[in-house]
Amino acid sequence: MRVLNLKPDRSTRLLLTCLPFALVAGSYLISSAVRLAANPNDKLLPSLERMGEAVRSLAFVADPRTGTYLFWNDTLMSLERLGWAMLISTLAALCIGIPMGLLPIGRALLSRFVAVLSMVPPLALLPILFIVIGLGEVSKIALIVIGTLPFLLRDLALRIEELPREQLIKAQTLGGSTWHIGLRVVLPQMLPRLIDAVRLSLGPAWLFLIAAEAIAADSGLGYRIFLVRRYLAMDVILPYVAWITLLAFAADAALVWLQRKLFPWFAEARAS
Amino acid sequence: MRVLNLKPDRSTRLLLTCLPFALVAGSYLISSAVRLAANPNDKLLPSLERMGEAVRSLAFVADPRTGTYLFWNDTLMSLERLGWAMLISTLAALCIGIPMGLLPIGRALLSRFVAVLSMVPPLALLPILFIVIGLGEVSKIALIVIGTLPFLLRDLALRIEELPREQLIKAQTLGGSTWHIGLRVVLPQMLPRLIDAVRLSLGPAWLFLIAAEAIAADSGLGYRIFLVRRYLAMDVILPYVAWITLLAFAADAALVWLQRKLFPWFAEARAS
Amino acid sequence: MSAISIRNVWKEFGDQIVLEQISLDIAPRSFVALVGPSGCGKTTLLRMLLGEERPSRGEILLNGEPLRPEPDADRGIVFQRYSVFPHLTVLQNVTIGAEFKRSPFLGRLFAAARRAIESEAQDLLTAVGLQGNEDKYPAALSGGMQQRLALAQALMRKPKVLLLDEPFGALDQGIRREIHELMLRLWNENELTVVMVTHDLSEAFRLGTRVVALERRRDRPEERERYGATISRDLPVWPPRIANELNSHRSRRDDPALDGASRDDPDAGCRRRHHELERT
Amino acid sequence: MSAISIRNVWKEFGDQIVLEQISLDIAPRSFVALVGPSGCGKTTLLRMLLGEERPSRGEILLNGEPLRPEPDADRGIVFQRYSVFPHLTVLQNVTIGAEFKRSPFLGRLFAAARRAIESEAQDLLTAVGLQGNEDKYPAALSGGMQQRLALAQALMRKPKVLLLDEPFGALDQGIRREIHELMLRLWNENELTVVMVTHDLSEAFRLGTRVVALERRRDRPEERERYGATISRDLPVWPPRIANELNSHRSRRDDPALDGASRDDPDAGCRRRHHELERT
Amino acid sequence: APKKDFKVAWSIYVGWMPWGYAADAGIVKKWASKYGITIDVTQFNDYAESFNQYTAGTFDAVTITNMDALSGPAAGGIDTTALLIGDFSNGNDAVILKNKDTLQNIKGQNINLVEFSVSHYLLARALESVKLAEKDVKVVNTSDADLAAAFKTDDVTAVVTWNPIVSEILASPDAKKVFDSSQIPGEILDLMVVNTEVLKDNPDFGKALAGIWYDTITLMLKEDAGGKAAREAMAKASGTDLAGFESQLAATKLFAAPKEAAAFAKGKDISATMDRVRTFLFDKSLLGTSAKSADAVGIELADNTVLGDGKNVKLRFDASYMQLAADGKL
Ligand SMILES: Nc1ncnc2c1ncn2[C@@H]1O[C@H](COP(=O)(O)OP(=O)(O)OP(=O)(O)O)[C@@H](O)[C@H]1O
Ligand SMILES: Nc1ncnc2c1ncn2[C@@H]1O[C@H](COP(=O)(O)OP(=O)(O)OP(=O)(O)O)[C@@H](O)[C@H]1O
Ligand SMILES: [Mg+2]
Ligand SMILES: [Mg+2]
């Protein structure tokens, strides 16, 4: 039988899925044990206990200086920044992207500009950004917005152009104005597609969040990682990275769920 | 007439396209002039002449220390790193992604793992990366590969799953083995799609290149930007950013051209 | 009423002449079937009637007035595909036209106003045989049901002219037959002038009151660019089929639509015409 | 030869019974047309014949041997869509089967070997009327031409059984007629047993030597899950249509295919059968 | 209206941690309200960004080293006054080789360091001390946060950096410190600098800063529970523990008393140091592209003598606020 047609059953599938994770975990544990045997103070690949301890002291012991639990506070701050940024990005994408995709005038005005904008490496512009909008929360959110918005805009405009022209004409023959068409034909059809785009841009968003927090912040997951990086405190960094990964995964799953829940017509329409 | 139906003619379109660029350029020039009037040594928004001078001295005056033209040397080094990284990423994506997308076993083995991997923020793992592969050119290339590969893999696997099942069955009824199908049915159809994915991941690739060069390097566009950032030499940073944008644009255009040239069937097949 | 006059219309795309010298007067309440080989410009002509494209030369009048140069509620349309909105339920697809009309800002009605148009929409859905499917999304409907929905949707705004671009081209034979009957009935019961593009001659003769054929007089490859299609045949259908005068008593004469559909061999009359068309 | 025996086959997907108790013996060189309402399991049955799905109960034999449990070169297939490879030219689409056979590592032939199979492929392309289009990509072909190409592609590996899943369902009426003739000719000239799924009864009667109807005996919504479809009718086509004995002299008897296609009213015989089928 | 609200930027470094503590502990608020102003203290993770922001005009004061004050704000045309000299590095910056005991061995190696930073300067001084020049080695720019990890790789054999990274690297047995800032005492100064114009118009702002600083220093250096708590808080804020923080403090010559600091500011050594620094910066073309000589940017010392161009004085050392603190006149 062709390998192509070999369909592993449920349990084999589970086994296969776990295999690479187990391999990574295993090779970590072995390398860690080897390094720790050579130098018990090695910080690069800490033992699980060390990491557990580090997490415990960050997550369940209040920081004497601020009285907060650093781990949770960092998480909250980062998620807040990310949440606001993605919200703003999404709304801006809708407000700018729909005219840009729908109206020939909008397309002429913006499509080239956004294309160029999307090529600018935002990290290189950080100093200017900080000057223009200051250093508060706003600048971190702005960096994420600047980093993700051009992609969202381009994607949205593309999706609008992919809408069958027939729909727009039909809407006009039903007496719809441009505003009507944007509001009742284009917008609702773009929302689920925008969720897809947001899912794609969450990766860069985390990147920008970490970069922003690395430069100017006093809390946040990225801040903590960069702060303790000087001490090579991998016992903090690794759990933080794992936690970020988990959060990213959860956010992705939540968006998928949201899409299915809010737009039941979308899955069928896309399949057909 | 509805705004939706207003189609600007050629010259209006050109005008509209230029408008946002002109606005940005104009507001830069004005802010720059205002700041320079207040402090002639201001570094944040240098005048055009200052930037021109900075570029001239980097691009057309040999560096006394190394005897190279820094601007061109930086460009060459960065493009080399980027080129190698994208080549490796692409090849790896093909070698891993095709089995992962085509074979049920491959999917069971890798899809979850890659999904998790794609959520890990690569910047945070730099220390481990250094230990494993050192600090030389390899680590910069590796960072870009690590940053882009998961996306390429997931995208590729998705595209393979989108291939009509009918094609795979047809190939089997023509006597094709799994290897045949991978080689002659899936691979050639994936190449143009991979170009699309590479285009999408060029943005993150530049980001990771700049980040890698910021961390340890002695040449490269990102290196220069982060080096001169220490003394806020925006007269160097801004032209470098513009240059990176131009290079990114050119790379994108080159990929589009390549796709059209190498895969003439693709545009039609996608349209239908 | 809703007479259409096409007066010496030409259409060029860049250097390519697609249509030349089209003149056609369409009487109110006609059902014109437009046939012709693929690529001869049928859809282009329809799009000009719709206002989506403008003639390069000549003019199109609707009831003596120049046509509004963009699609509007006085001309409805049904395409072969993509006619209905996938994100709206069946009922919403029908009501949306009325909502556009009555709610300029939100494009959406609520409460009593909504219920009023919903009951109107229900009637239309019943008329096209879609009762009971109000809350489904179009993706859950078969192709034939989608086209019925598209018809209901178009009729909601009571257009004077209904344009159809191969509306039944993608349907199975059996389903096609049913929907032909429906089409004739709708034409008969609504105050409509219909222009339908079709590839299928028998469909043209079964539905139309008049069959208009577009054709290129010169069709050698090297001439394609320089010569457009024009009207090569313009045949009234025999026996003449006349739409019911609305609000007059129904039994005044035979219902030609029902008559056409119930004859034992509906194609016999058409066949003769077929031959006439093919003798070129 | 290539006889197919379906012995008491059931197919369930999870809790849903799709097919129950299907038994069918298909003689070599038959042309079986499989009809039935949408969703009754026609495609599922075909996929079992293909080896893509396995019966939940019962077995399928090909020439007395159990069927290989995956698609293979002894069974060709043509789908309604997506049958040809968009990235290969017309010629390459036809040669690829032979390349798979002769080149296990590269799946690709060069030089003389390539020229040999190319000339073979050319003959097939001529047979399906695609000569002159060798270097085009499928996207540049019309729907009908793509289906011809799919047929040529499938025939290149000389399958014993050819399976067709609504192969002409997406084609226009006129093109359909042409391709029916082609189909009959191919069936006649190649040593083929054909099983074709179709929605179109007249197509079934025009092409098949035998028409098999699948149907659910109980089709109330609440019963749908628990009862599958089974064979409700199994009609030989009249007058009997027999494939040409290959390599015997051709004039021994009328070519039934050409005969069927050239009669004045090809549907007359079918109609009778229609009624029989519809009287349920 | 006269300016009432001031913004101070600081970044995480052992000699500057008191600023963060002062903000958290209310010392900043106390002194600000005494002078009827508000002072907003912002923490940066990234040192270079902190003084860039100051140079760009977003902040009125920033913590910075003497060298960066000259190459950054001063060369950028911002007239800057060094208000407080907090400490000088006394071993906090070091040249470290892998498996080599003497500085001589540095010849021909790749040196990983933050280019154009005080590490670069320290390297230049170290090379000078063994009669080598920068062309005898190869400098590779490496971000400070990653130096500790980088040293663990085989590629990296020599680094120059500052604490806490120095102690982190020295923890591995193959790391050998071959030169450190205690061999050039008083050359790497950690300052609090203020925009001269702002200071001139608002001397109260300067007084408040001096008050905050010496209050905090006094508190943290006390060997009682309060002092220990303060040090512990600073340790945590800088990402380490008390022991780690105290070892960093040990390598820092903190001017505990304002008198001491004022005296140092007025001393002669600063003149020689600044001359070395500006020569170094000019060699690296860090005094601005238009600078024709090391004299391009004038430096005014505490005794009002000027190094370089007297018409373009952009960096000023001012001992008067430290003196006020010493005299208890704040
Ligand atoms: N917007 C356009 N720009 C340029 N050429 C066009 C445009 N629209 C149509 N054409 C050309 O006009 C000709 C007629 O096209 P049209 O779609 O009207 O044909 P048709 O009769 O509807 O064909 P079919 O039966 O295949 O639908 C074609 O050659 C087409 O390429
Ligand atoms: N892989 C599968 N898993 C679960 N259910 C399936 C699967 N394949 C088919 N079915 C179900 O089996 C039934 C028969 O499907 P099938 O595609 O065979 O019908 P069909 O007769 O070919 O219909 P059509 O004429 O619309 O093509 C349907 O109810 C379908 O939902
Ligand atoms: Mg058309
Ligand atoms: Mg089917």
Side-chain angles (χ1 to χ4, degrees), chain B residues 35-36 38-46 49-58 61 63-66 123-139 143 211-220 222-237, chain E residues 46-49 51-58 68 70-79 110-117 120 134-135 138-157 159 197 281 283-291 296-297 312 314:
Chain B
R35 279 189 79 101
L36 286 172
N39 169 13
N41 282 326
D42 179 62
K43 287 171 146 184
L44 189 74
L45 302 178
E49 298 90 66
R50 273 288 293 282
M51 288 196 262
E53 215 171 277
V55 170
R56 197 155 40 244
S57 82
L58 283 168
V61 180
D63 179 45
R65 199 147 57 106
T66 57
L123 284 185
L125 287 180
L126 272 181
I128 295 189
L129 192 67
F130 288 156
I131 309 305
V132 178
I133 37 175
L135 203 66
E137 289 303 293
V138 184
S139 70
L143 180 66
E213 288 182 341
I215 281 163
D218 54 11
S219 59
Y223 161 79
R224 191 75 48 201
I225 287 178
F226 271 77
L227 182 64
V228 303
R229 190 175 74 101
R230 257 198 98 74
Y231 49 95
L232 204 66
M234 298 305 287
D235 53 342
V236 175
I237 294 181
Chain E
D46 186 79
Y47 167 56
E49 193 58 40
F51 66 76
N52 275 340
Q53 290 288 315
Y54 168 81
T55 308
T58 334
D68 294 316
L70 186 54
S71 67
I78 303 294
D79 194 335
N110 277 351
I111 322 281
N112 291 78
L113 51 72
V114 179
E115 244 179 288
F116 302 156
S117 69
H120 207 156
E134 202 182 310
K135 62 176 170 8
K138 184 157 186 288
V139 168
V140 178
N141 187 41
T142 307
S143 117
D144 54 334
D146 295 294
L147 269 170
F151 193 76
K152 305 247 175 203
T153 71
D154 292 338
D155 301 350
V156 175
T157 54
V159 302
E197 212 173 309
L281 290 177
D283 282 348
K284 299 268 176 283
S285 5
L286 294 182
L287 289 182
T289 34
S290 51
V297 179
N312 187 32
K314 292 296 178 196

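Only this structure's heavy atoms are used, side chains among them; waters, hydrogens and symmetry mates stay out. Below, chains carry the letters A, B, ... as their sequence lines are ordered, and counting in each starts from 1.
- Taking E/Ser143, E/Ser71, E/Ala48, E/Ala149 one by one and counting their heavy-atom pairs under 4.5 Å with chain B, the maximum is reached by E/Ser143.
- For chain B, no part of E/Asp154 is nearby; none of its heavy atoms comes within less than 4.5 Å.
- The aromatic rings of E/Tyr47 and E/Phe51 sit perpendicular, their planes meeting at an angle over 60°, well past the 30° parallel limit.
- Once rounded to the nearest 0.5 Å, the distance linking CG of B/Leu123 with CG of B/Leu143 reads 6.0 Å.
- A side-chain contact (heavy atoms from CB on, under 4.5 Å) with E/Phe151 is found for exactly one of E/Asp146, E/Val159, E/Thr157, E/Thr142, namely E/Val159.
- Looking at E/Asp68, the atoms closer than 4.5 Å to chain B (heavy atoms on both sides) all sit in the side chain, from C-beta outward.
- Both the backbone and the side chain of E/Ile78 come within contact range of chain B, with heavy atoms under 4.5 Å apart.
- Heavy atoms of E/Ala75 lying under 4.5 Å from chain B belong to its backbone as well as its side chain.
- Heavy-atom distances place the side chain of E/Val114, and not its backbone, under 4.5 Å from chain B.
- Considering CD of B/Glu213 and CG of B/Leu227, their distance stands at 12.0 Å, rounded to 0.5 Å.
- Of the listed residues (E/Gly76, E/Ser117, E/Pro73), the one with the most heavy-atom contacts under 4.5 Å to chain B is E/Gly76.
- Distance check: E/Leu70 CG to E/Leu287 CG gives 5.5 Å after rounding to the nearest 0.5 Å.
- From E/Asp144, atom CG reaches atom CG of E/Asp46 across 7.5 Å, with rounding to the nearest 0.5 Å.
- Within the 3.5 Å criterion, the main-chain N or O of B/Arg229 finds a donor-acceptor partner in the side chain of E/Asn52.
- Of the atoms belonging to E/Val140, heavy atoms from both backbone and side chain fall under 4.5 Å from chain B.
- With a threshold of 4.5 angstrom between heavy atoms, E/Lys138 approaches chain B through side-chain atoms but not through N, CA, C or O.
- From B/Asp235, atom CG reaches atom CG of B/Leu44 across 11.0 Å, with rounding to the nearest 0.5 Å.
- Neither the backbone nor the side chain of E/Asp79 has a heavy atom closer than 4.5 Å to any heavy atom of chain B.
- With respect to chain E, the highest number of heavy-atom pairs below 4.5 Å among B/Asp42, B/Val228, B/Asn39, B/Asp218 belongs to B/Asn39.
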